[in-house]
Structure formats: C-alpha cells, structure tokens
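Structure first, commentary second.
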Amino acid sequence: MDGLRQRFLMCRPTYFAVDYAINPWMDPTAPVDTALAVRQWELLRRTYLDLGHQVELIDPLPGLPDMVFAANGATVIDGHAMAVQFRDPQRADEAPAYRSWLERSGFEVSDPKHVNEGEGDVLLVGDHLLAGTGFRTSHAAHARLQETFGYPVVTLHLVDPRFYHLDTALTVLDEQTVAYLPEAFSPGSRAVLRRLFPDAVHATTADAEVLGLNAVSDGRHVVLPEQATGLTGQLRDRGYLTIGVDLSELRKAGGGPKCCTLRLRQGRADR
Ligand code: ARG
C-alpha cells in the first residue's frame with residue numbers, strides 16, 4: 001500500500017532565531033545556528049519530495065523568526081482555509097502573510113475571530129476535527145471551526161506547558177489512529193481519546209520531550225524526529241515505515257517536523 005500523496009506549505013527558516021520566549025523550549029540566551037536550521041529544514045523538504053508529496057513555499061519575512069512553523073499559518077480542509085490569530089504579539093504579523101498566500105493560491109479564507117493557531121491545534125482524523133485548547137487556541141475558536149468546516153469538533157484540554165500545541169502531544173497516523181502522550185491531556189480529555197481511539201499508540205514522556213509526536217504521516221510513512229527512538233520502534237511494530245529527521249535547531253523554538261508543515265487539503269477526497 002502506498003501512502004496518500006499530500007500537498008504541503010512550508011517556509012524556509014531564513015530568519016529563524018530565538019529572540020523571545022513564548023513557550024518553555026525557548027531560551028533567548030542560548031545560541032542558535034540559523035544556517036544549520038536551514039540545512040535541517042531542507043532535508044525535511046527533500047524527504048517529503050522523495051515520498052512523492054508536493055511542497056509549496058511561502059516567502060519568509062524578516063523579523064518573524066517563528067514563521068518557519070507553517071502549521072500555525074492556517075487550517076485548510078476541503079479547499080477552505082481558516083486564517084489564524086496568534087496569542088502572542090510577536091507572531092501576529094505572520095497571520096496576514098499566510099492569509100494572503102492562501103488567497104493568492106485560490107483558497108477561500110474565513111476569519112478566525114478568536115485566538116486560533118491553525119494546524120498546531122487543529123488536526124483532522126477521519127471525520128473528526130481534534131482541537132486543542134489550554135495554552136494557545138481558545139475554546140471559542142473550536143465552535144467556529146465546527147461551524148466553518150462542518151466536521152464535529154472534539155475539544156481536548158492540554159495541561160503540560162511543554163506540550164502547548166496539540167501537534168506536540170498527538171500525531172494523526174491515519175484515518176482511524178493516532179499516537180499521543182496521555183499525560184499531556186486533562187483526565188476528561190484522556191477518557192475521550194481512549195473512547196475514540198482504543199487502538200492508539202501511547203507515547204512515552206521521553207519521546208514527547210524530543211518532540212517525537214510532532215510527526216507527519218501519510219498513512220504509511222511517518223516522518224518524525226530521529227531522537228524519538230522508542231516511538232519509532234512502536235510505530236514500526238504497527239507496520240508504519242518511519243523516516244527519522246533531525247530538526248535540533250528548530251526544537252530550540254519548540255518546533256519539529258509537523259510544525260514546519262501545513263497540509264493543504266484541496267477537496268473532499270483529499271483527507
Ligand atoms: N516558537 C513557536 C511558538 O511557540 C513554535 C511553534 C511550533 N508550532 C507548532 N505547530 N507546534 O509559537
């Protein structure tokens with residue numbers, strides 16, 4: 001079986017830096033090697049191309065060091081895009097840049113109206129939208145997502161500041177299955193996840209701490225941080241083909257492969 005061919009939007013980390021701290025991973029006093037970040041990101045892009053995926057690029061803007069994290073640029077489902085509104089002023093100017101790229105590329109774009117950090121907190125699994133809240137995306141944004149996309153939204157409460165976006169605590173593996181760190185969720189949300197995904201892969205804190213859950217799956221291949229060795233083994237045991245990548249520089253800002261990758265879902269067949 002082949003994986004699903006996907007279309008992604010990425011942003012080269014030309015201006016990547018850690019100049020401010022809006023999550024516990026970020027230490028503005030620690031050195032960052034931007035050239036190495038670019039090389040690591042190029043390898044991620046090459047990995048997607050080698051898997052047969054399509055990668056679109058948005059121009060990076062100076063003064064927006066986190067713009068490399070394209071997953072936070074929108075949520076795009078069935079050819080419709082929900083624009084984003086960042087919690088932190090440092091990232092605010094990324095929102096119109098992503099919005100205008102999507103408009104120029106022919107997507108219909110809706111306004112978020114509440115704090116909503118895009119695919120960082122909103123993940124489609126089969127016919128459900130899993131939506132995180134607690135740190136970034138507001139609960140109010142979830143109702144708007146449901147109304148806009150017409151998929152039932154399942155609200156999940158994140159409780160560990162290291163796993164501040166849903167995509168740092170949970171990976172969609174295919175239409176039926178996810179992998180997640182139970183401890184990153186409130187007791188009620190854990191119960192919801194157990195009910196919806198009885199066969200889910202339960203990750204360990206050690207793997208989540210290297211952002212192992214910030215992975216990208218096409219249903220067959222899973223691209224994940226190579227440091228997540230335990231999770232890699234669990235996924236292989238389930239029959240997934242894992243591809244390890246090293247994004248150590250971007251991890252200094254709290255991001256991994258999934259954060260760098262926005263899915264552009266054109267139509268209904270493209271899940
Ligand atoms: N420094 C960025 C922030 O804190 C990292 C964003 C990572 N993106 C993601 N989809 N988890 O906003």
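Counting starts at 1 for both ligands and their atoms, following the listed order.
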Under 3.5 Å side-chain donor-acceptor pair for Tyr15 and Thr34 = no
Pick out the protein N or O atoms lying less than 3.5 Å from any N or O of ligand 1, and list each pair with its distance.
residue, atom, partner, partner atom, Å
ligand 1, 1 (N), Asp66, OD1, 3.1
ligand 1, 1 (N), Asp66, OD2, 2.9
ligand 1, 1 (N), Ala253, O, 2.9
ligand 1, 4 (O), Asn23, ND2, 2.7
ligand 1, 4 (O), Arg136, NH2, 2.8
ligand 1, 8 (N), Asn72, OD1, 2.9
ligand 1, 10 (N), Asn72, ND2, 3.4
ligand 1, 10 (N), Asp167, OD1, 3.4
ligand 1, 10 (N), Asp167, OD2, 2.8
ligand 1, 11 (N), His165, ND1, 2.8
ligand 1, 11 (N), Asp167, OD1, 2.8
ligand 1, 12 (O), Arg91, NH1, 2.7
ligand 1, 12 (O), Arg136, NH1, 2.9

Sorted by chain and number, sequence neighbours left out, salt bridge (charged side-chain N to carboxylate O under 4.0 Å, His left out) with Asp246 holds for none
Pair Gln40, Glu42: side-chain N/O donor-acceptor within cut-off below 3.5 Å:
no
Between Tyr20 and Asp88, do the side chains contain an N or O donor and an N or O acceptor separated by less than 3.5 Å? no
Indicate whether the side chain of Thr232 and that of Thr229 have a donor and an acceptor atom separated by less than 3.5 Å.
no
Under 3.5 Å side-chain donor-acceptor pair for His157 and Thr133
no
